Structures are given as structure tokens and as C-alpha cells.
Amino acid sequence: SANGALTGSIENLIPLTAGEYTTGSLILMVSYGAHFAFILYFLFAAMQVAPRYRLVPIMSALVMASAGLSLFREFSLWEASYAFDGAMYQPLAEGNSFTNAFRYGNWTITVPILLTQLPIAFALARPDLHKRALRMIIPGVLMIWTGLYGQFGETGDWSRLNIWGVISTVFFVWLIIEVRGVITAGIANSPPAISAWPRRLFWYFLATWGIYPIAYALPQLGFTGDIVVTRQLLFSIADISTKLIFGIILSRYVLRRSALEGYVPAAEALSTEPVASK
Ligand code: RET
């Protein structure tokens with residue numbers, strides 16, 4: 001329909017069954033709920049790591065808040081965009097259109113934060129840390145903005161979708177090379193007991209960030225309710241993996257690292273045990 005093409009998202013072209021509609025709501029609800037809940041986890045983790053690593057869990061808490069708000073917005077939009085006609089959930093019925101474009105806006109904030117967490121966790125020295133963070137953020141943001149522009153082609157302008165998808169992928173490859181450099185520095189700079197973490201984290205990074213381009217390309221497989229729901233599921237799995245679980249891994253790494261470097265959390269320093277044994 002002309003309406004759907006104008007709004008630029010396949011969601012506005014496809015009536016959903018009650019099952020598909022509810023599954024979509026559920027996926028978005030679980031996503032924002034998980035992100036909000038883990039704000040607390042990361043704030044508590046921040047209290048237990050050495051001061052030089054404290055920013056790592058704090059940044060995860062920020063990412064949780066930012067992504068949680070964005071996903072809550074997607075959830076509300078989903079609820080507002082469909083109306084039940086007695087048989088199917090019809091898009092655009094109330095004049096509201098759905099879009100995934102807000103996600104890309106949110107990534108503009110979260111992706112630079114996620115990338116900057118790496119050199120901080122690896123304790124790279126200041127000038128090198130800033131230079132490497134910037135060298136990851138530049139291709140990261142260009143990747144997102146070219147993808148944002150291209151995704152408006154998903155309602156049928158495949159050349160727009162694919163040309164900008166390829167350009168975005170070039171920036172992604174550039175980003176991967178920069179991340180690889182930070183990982184290599186991280187392996188060299190990690191205490192031996194945890195030097196395997198950065199290498200494993202690189203493969204985790206590739207596997208989880210790689211889900212987003214699949215979700216981007218998916219509408220080309222067909223305009224069906226299955227595709228709409230599958231794409232929200234892919235986005236959701238990617239969001240929870242690249243932000244929440246990634247944050248847990250990094251927090252655990254800096255927690256181990258703090259202990260290996262002799263840091264004693266304040267609560268333990270105040271323990272009465274040595275006093276009682278006197
Ligand atoms: C796009 C467009 C198609 C090509 C590629 C893409 C990559 C997107 C990525 C997004 C990562 C987002 C994260 C968000 C966390 O908050 C833009 C879909 C390669 C890798 C990690």
C-alpha cells in the first residue's frame with residue numbers, strides 16, 4: 001500500500017494474527033524489562049570493583065537506562081500502531097505508524113559507550129585509550145547512520161536497502177579491525193590468569209553484533225507476519241546479548257581483575273573477622 005511505503009517500515013504493510021501481535025508485544029516487553037532490571041545489577045557491581053574500573057559497570061547502567069527507554073518507546077509504538085478488527089490486528093488503523101528507526105537513534109548513543117568500555121576495562125593508558133576509543137566510534141557511528149538511511153528502503157526499494165547496507169557493512173568491517181586492535185592490546189595488558197577473556201570476548205562481539213545486519217536484510221524474504229515477529233525477536237536477542245550479557249561479562253572481568261590487582265572492596269576491608277580472631 002502507498003501508506004506503508006510512505007512510512008518506510010514493513011510492519012505498516014502487514015496485518016497480524018492475534019498470536020503474532022501478542023508475541024511481538026511480549027518480545028518488546030521482555031526486552032525493555034530486562035534492560036531496566038539490570039540497571040541495579042550494574043550499579044551494585046560498580047561498588048565492588050577497583051576505582052579505575054568503576055566506569056565500566058556505570059557505563060553498562062547508562063546503556064541499560066538508555067536502551068530500556070528506547071525499547072519501551074518501541075513497545076508503546078507497537079501497541080498504538082495496530083487495531084483489532086475482529087479477525088486480525090490491522091496496522092495504521094488509528095493513524096499511527098510503527099518504525100524501527102528509533103532503534104538506530106538509540107544505537108548512536110549506546111554503541112560509542114559499549115565500545116569505550118573495552119579500552120577502559122583493559123586498563124589502556126590515557127592517550128592510547130582516547131585515540132583507540134575515537135577510532136572505534138567513528139566507523140561505529142557511520143555504520144549506524146548509513147544503515148538508518150538504508151532501512152527506509154525496506155518496504156520495497158531493495159536497491160536503497162542493499163547499497164546502503166553494503167556501505168554500512170564496509171564501516172562494520174573497519175570497526176571490527178579497530179576492535180581487534182583493542183582486543184590485542186587487551187590480551188597483552190591483562191593479568192595472565194584472565195588473558196583469555198579478551199580473545200573470547202572478540203568472538204562473542206562478532207557473533208552478537210552480526211545479528212543486526214541479518215535483521216536489517218530480513219524483509220527481503222517476504223512481507224509476512226512471521227518475518228515481522230522474527231525480526232523483533234532477532235533485534236531483542238541482539239540487544240540483550242550486545243548490551244546486557246556483554247556488560248555482565250565485562251563487569252565480571254574487571255571484578256576478577258580488581259581482585260588480582262590486590263583491590264579489596266570497602267565492605268570486606270571493614271570485616272570484623274581479623275578483629276574477632278584477636
Ligand atoms: C546495520 C545496517 C546493515 C549493515 C550493518 C549494520 C550493523 C549494525 C550493527 C549494530 C549494532 C548495534 C548495537 C547496539 C547496541 O545498543 C546498521 C544494521 C553491518 C552492528 C551493538
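Both counts, for ligands and for their atoms, begin at 1 and track the order of listing. Keep in mind that this is a model prediction, so the values were computed, not measured.
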### Query
Just distances here: any N/O of Asp239 and N/O of ligand 1 closer than 3.5 Å?
no

[Y] versus [X], side-chain donor and acceptor atoms under 3.5 Å:
| X | Y | answer |
| --- | --- | --- |
| Glu11 | Asn100 | yes |
| Glu79 | Tyr21 | yes |
| Asn12 | Ser81 | no |
| Asp157 | Ser159 | yes |
| Ser190 | Trp197 | no |

### Query
Taking non-hydrogen atoms only, is Tyr216 closer than 4.0 angstrom to ligand 1 via side chain, backbone, both or neither?
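The answer is the side chain.
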
### Message
For Asn106, which part has a heavy atom under 4.0 Å from ligand 1: side chain, backbone, both, or neither?
### Response
neither

Ligand 1 atoms in contact with [X] (distance to a heavy atom under 4.0 Å):
| X | result |
| --- | --- |
| Phe172 | 19 (C), 20 (C) |
| Thr110 | 15 (C), 16 (O) |
| Thr242 | 15 (C), 21 (C) |
| Leu114 | 15 (C), 16 (O) |
| Thr169 | 4 (C), 19 (C) |

### Task
Answer with yes or no after comparing the ring centroid distance for Trp145 and Tyr104 against a 6.0 Å cut-off, counting only values under it.
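That pair fails the under 6.0 Å test.
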
Shortest protein contact, [atom] (heavy atom only):
| atom | answer |
| --- | --- |
| atom 14 (C) of ligand 1 | Trp107 CD1, 3.4 Å |
| atom 12 (C) of ligand 1 | Tyr212 CE1, 3.4 Å |
| atom 15 (C) of ligand 1 | Lys243 NZ, 3.1 Å |

### Query
In terms of ring plane angle, is the pair Trp158 and Phe223 parallel, tilted or perpendicular, where the classes change at 30° and 60°?
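Answer is perpendicular, since the angle exceeds 60°.
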
### Task
Determine, for Tyr216 and Arg231, whether the Lys NZ or Arg CZ falls below 6.0 Å from the six-membered ring centre while staying within 45 degrees of the axis.
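Arg231 over Tyr216 ring: no.
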
### Message
Measuring from atom 1 (C) of ligand 1, which candidate in Ser241, Gly165, Ser168 has the nearest non-hydrogen atom?
### Response
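Checking each option, the heavy atom nearest atom 1 (C) of ligand 1 is found in Ser168.
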
